[in-house]
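Reading through the structure tokens given below for one structure.
A, B, ... follow the sequence lines: proteins, then strands. Residue 1 opens every chain.
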Number of protein chains: 2
Amino acid sequence: MSSISTEAVNRMTRLIGDCDKARCQVDKLQKLTGKLSEEEIEKESQIFKALADPCRLKILMLLREGELCVCEIMISLDRPQSSMSHHLSILKDAGLIKERKDGRWSRYRLSEGSVIEILNQVRLIKEANLTKANFDRGNNK
Amino acid sequence: MSSISTEAVNRMTRLIGDCDKARCQVDKLQKLTGKLSEEEIEKESQIFKALADPCRLKILMLLREGELCVCEIMISLDRPQSSMSHHLSILKDAGLIKERKDGRWSRYRLSEGSVIEILNQVRLIKEANLTKANFDRGNNK
DNA sequence: CATTCATATCAAGCTATTTCGATATATAAG
DNA sequence: CTTATATATCGAAATAGCTTGATATGAATG
């Protein structure tokens with residue numbers, strides 16, 4: 001079926017000694033990687049990219065309290081309009097926020113569903129890192 | 001207490017008409033923004049940055065199945081060693097994976113806790129985007 | 001229909017990130 | 001102590017992403 005790279009098997013054999021086990025492990029790992037659809041990974045990475053900017057995180061925090069127009073966001077964060085517009089379009093493309101046109105205003109709100117969840121999860125990871133860091137400091141590491 | 005920018009109130013007044021309501025809204029929004037600690041936001045953004053790369057997402061997917069050394073990861077993903085080492089250090093700095101030194105090997109595993117959760121959440125968002133996209137296509141938008 | 005106001009898009013400069021070969025470090029084995 | 005192997009770090013080139021003023025679009029208003 002899938003062509004197991006001889007080179008990979010050789011490297012793995014050198015790593016773990018047993019040639020049969022190596023072939024088996026390479027096979028397993030390559031099956032795993034094969035399951036990762038390039039396209040799916042790309043989409044997930046695009047969502048994380050949208051979340052990976054301090055300014056955009058602040059926008060999401062503001063929108064947790066309810067719908068806002070671009071004006072209100074730029075007043076709150078004290079940033080130029082073109083910049084806010086740009087960030088909002090990135091968040092929208094990632095499916096994290098929704099837009100509602102209302103006359104000459106564009107009102108934005110969080111998408112239903114997992115957006116608040118993912119913001120909560122990252123806070124948990126951040127807090128775990130902090131307590132870990134304090135623990136390490138206490139042990140003079 | 002907090003100095004409400006006159007300029008912001010003026011803009012908001014033009015937006016919503018009533019000057020008192022404008023002052024109140026600007027006050028509310030700026031209190032909200034004030035609560036956002038620059039430092040905390042920066043840390044959360046660093047975690048999302050670590051997640052925002054296709055190659056690093058693939059590494060995390062592999063590690064879901066268990067501990068792996070750098071070798072095994074570079075064989076699986078067929079990428080140069082220096083590149084894998086670099087990505088692993090970014091994931092480690094973000095607290096998403098843990099390292100265990102074992103002779104000349106460095107073995108990496110997912111951190112306990114929310115890492116798998118956050119990967120699940122992003123998949124939910126991605127899938128919501130897809131069904132939304134199909135719906136839109138169905139409506140010739 | 002000219003103007004105003006809210007928002008979007010463009011373009012150019014700047015910064016951060018990725019990539020990967022080359023080199024360094026560190027552990028084990030002979 | 002030399003060699004081999006696993007991993008980390010460095011450095012330079014390429015790429016991607018952010019910022020922001022200028023300009024364009026498009027809806028309301030007079």
Inset, instruction - Mind calculating the distance between NZ (Lys92(A)) and P (dT7(C)) to the nearest angstrom? - result: 13 Å
Inset, instruction - Output yes when a side-chain donor or acceptor of Arg56(A) lies under 3.5 Å from a complementary backbone atom of Lys49(A), and no otherwise. - result: yes
Inset, instruction - Answer yes or no: is there an ion pair linking Glu72(A) with Lys28(B), defined by an N-O contact shorter than 4.0 Å? - result: no
Legend entry - Salt-bridge contact Asp27(A)-Arg23(A) (side-chain N to carboxylate O under 4.0 Å): no
Inset, instruction - Sequence neighbours left out, what passes side-chain contact (heavy atoms from CB on, under 4.5 Å) with Lys98(B)? Give chain and number order. - result: Arg109(B), Ser111(B), Glu112(B)
Inset, instruction - Could you run through nucleotides 18-30 of chain C and give me one letter per nucleotide, 5' to 3': B if any protein heavy atom sits under 4.0 Å from the base, S if only the sugar-phosphate is that close, - if neither? - result: SBBBB----SSS-
Legend entry - Residue-level proximity of residues 66-76 of chain B to DNA chain D when a heavy atom falls under 4.0 Å: Cys69(B), Val70(B), Cys71(B)
Legend entry - Test salt bridge (Lys or Arg N to Asp or Glu O under 4.0 Å) applied to Glu99(B) - qualifying residues, sequence neighbours left out: Lys92(B), Lys101(B)
Legend entry - Whole-Å gap separating P (dC18(D)) and CZ (Phe48(B)): 15 Å
Inset, instruction - Describe the nucleic acid contact of Ser106(A) in one word from base, sugar-phosphate, nothing, applying a heavy-atom distance below 4.0 Å. - result: sugar-phosphate
Legend entry - For atom CE of Met84(A) and atom C1' of dG21(D), their distance in whole Å: 15 Å
Inset, instruction - Return the value, rounded to whole Å, for the distance between atom CZ of Arg11(B) and atom C1' of dT4(C). - result: 13 Å
Legend entry - Check: Ala94(A) main-chain N/O paired with Asn129(B) side-chain donor or acceptor under 3.5 Å: yes
Inset, instruction - Check the distance between dA4(D)'s P and Asn10(A)'s CG and give it to me in whole angstrom. - result: 18 Å
Inset, instruction - Would you please name every residue forming a side-chain contact (heavy atoms from CB on, under 4.5 Å) with Asn10(B), sequence neighbours left out? - result: Thr6(B), Arg14(B)
Inset, instruction - Examine dA6(D): is either OP1 or OP2 under 4.0 Å from a nitrogen or oxygen in the side chain of Tyr108(B)? Give yes or no. - result: no
Inset, instruction - To the nearest Å, give me how far apart CG (Leu51(A)) and C1' (dG17(D)) are. - result: 15 Å
For a quick test of your reading: what N or O donor-acceptor pairs under 3.5 Å do the side chains of residues 77-85 of chain A make, sequence neighbours left out?
none

Inset, instruction - Would you mind reading off the distance between Leu88(A) atom CG and dT7(C) atom P, rounded to a whole angstrom? - result: 10 Å
Inset, instruction - Can you tell me the distance, in whole Å, between the CG atom of Asp93(A) and the P atom of dG17(D)? - result: 12 Å
Inset, instruction - Flag the pair Arg123(A) and Glu44(B) as a salt bridge only when some basic side-chain nitrogen lies within less than 4.0 angstrom of an acidic carboxylate oxygen. - result: no
